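Written below as structure tokens is the structure these notes are about.
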Amino acid sequence: MQMLDELKFDSNGLIPAIIQDYENNDVLMMGYMNREAVRRTLESGRVTFWSRSRQKYWVKGETSGHTQDVRSLAFDCDADTLLIKVVQKGGACHVGYRSCFFREVSPNGNSARIVGTKVFDPGAVYS
């Protein structure tokens, strides 16, 4: 996969990946990938991340069933960030929301409010 040679991974060998809904363009989440995770994502059609905390690969939805099927993968002008458009099954956020970006900050920055809707109970899914 020659495209992998164009990407600029950071000093830890990682590149941020923004995950966006293919149908409505909602930003669902952001995770990190290394070269192997990008390769696995392209080959399988399912988003695969590198977990910095667990130091292992994880396929989105392998535990919850809330999978992300890849429809397109692009990278920015600096080749240091990925944009992956997916068909999202269920919620993308591990705390139960469709998007990890379910809080909106007030214009003055003094507060945040929940603007998303929970789509699943994480206690039931991850118990």
Side-chain angles (χ1 to χ4, degrees):
M1 293 184 184
Q2 188 175 359
M3 177 277 300
L4 289 171
D5 294 333
E6 295 182 53
L7 298 178
K8 294 178 185 167
F9 296 90
D10 69 14
S11 60
N12 294 313
L14 301 174
I15 189 168
I18 300 164
I19 310 302
Q20 187 176 31
D21 188 289
Y22 177 75
E23 295 170 357
N24 65 20
N25 291 323
D26 286 348
V27 175
L28 299 172
M29 63 178 290
M30 194 283 288
Y32 289 94
M33 296 179 159
N34 61 16
R35 185 181 179 94
E36 178 63 16
V38 176
R39 186 192 67 73
R40 289 181 185 195
T41 296
L42 290 168
E43 286 185 356
S44 71
R46 292 272 171 99
V47 179
T48 302
F49 296 102
W50 174 254
S51 171
R52 297 174 301 159
S53 59
R54 295 177 290 167
Q55 294 290 294
K56 70 176 200 170
Y57 296 100
W58 60 282
V59 177
K60 183 65 177 164
E62 66 188 343
T63 302
S64 67
H66 299 176
T67 57
Q68 295 176 338
D69 295 322
V70 176
R71 291 297 179 259
S72 69
L73 188 147
F75 54 94
D76 71 336
C77 55
D78 294 324
D80 64 359
T81 304
L82 299 175
L83 176 63
I84 303 174
K85 292 191 177 189
V86 302
V87 172
Q88 175 70 48
K89 177 184 176 189
C93 181
H94 73 281
V95 298
Y97 292 87
R98 178 156 172 79
S99 169
C100 292
F101 298 94
F102 60 88
R103 293 175 284 224
E104 186 175 274
V105 177
S106 65
N108 64 11
N110 288 333
S111 63
R113 66 184 178 102
I114 294 177
V115 295
T117 303
K118 279 206 171 190
V119 295
F120 72 96
D121 175 9
V125 170
Y126 299 114
S127 61

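In this text the structure is predicted, and so the values were computed from the model without any measurement.
Within the structure, ring pair (Phe, Tyr, Trp, His ring centres under 6.0 Å) pairs that include any residue of residues 105-127 comprise His66-Phe120 (at least two apart or interchain). Within the structure, salt bridge (charged side-chain N to carboxylate O under 4.0 Å, His left out) pairs that include any residue of residues 87-96 do not occur (at least two apart or interchain). Residues in residues 116-125 take part in no salt bridge (charged side-chain N to carboxylate O under 4.0 Å, His left out) pair, two or more places apart or across chains. For residues 13-31, the pairs satisfying salt bridge (charged side-chain N to carboxylate O under 4.0 Å, His left out) are Asp21-Arg98, with sequence neighbours left out. Contacts classified as salt bridge (charged side-chain N to carboxylate O under 4.0 Å, His left out) and involving residues 69-81 (residues at least two apart or in different chains) are given here: Arg46-Asp69.
Residues Arg40 and Val59 have side chains not in contact (no heavy-atom distance under 4.5 Å, counting atoms from C-beta outward).
In this structure, Leu4 is a member of the same hydrophobic cluster as Phe75, with clusters built from ILVMFWY side-chain heavy atoms closer than 4.5 Å. Cluster annotation: Phe49 and Leu7 are assigned to the same hydrophobic cluster (Ile/Leu/Val/Met/Phe/Trp/Tyr, side-chain heavy-atom contacts under 4.5 Å, transitive).
In this structure, the side-chain contact (heavy atoms from CB on, under 4.5 Å) partners of Asp5, at least two apart in sequence or on a different chain, are Arg35. For Arg54, there are no salt bridge (charged side-chain N to carboxylate O under 4.0 Å, His left out) partners two or more places apart in sequence or in a different chain. With sequence neighbours excluded, the residues satisfying side-chain contact (heavy atoms from CB on, under 4.5 Å) with Glu43 are Met1, Arg39. When the side-chain contact (heavy atoms from CB on, under 4.5 Å) test is applied to Val95, the partners found at least two apart in sequence or on another chain are Cys93, Tyr97, Phe102. Listed by chain and number, the residues in a side-chain contact (heavy atoms from CB on, under 4.5 Å) with Ala74 amount to none (sequence neighbours excluded). Not a single side-chain hydrogen bond (donor to acceptor under 3.5 Å, both in side chains) links Asn12 to another residue, sequence neighbours left out.
Leu28 approaches Ala92 most closely through the heavy-atom pair CB-CB, 3.8 Å.
Other cluster members for Met30: Leu14, Ile18, Val27, Tyr32, Trp50, Tyr57, Leu83, Phe101, joined by side-chain heavy-atom distances under 4.5 Å among Ile, Leu, Val, Met, Phe, Trp and Tyr.
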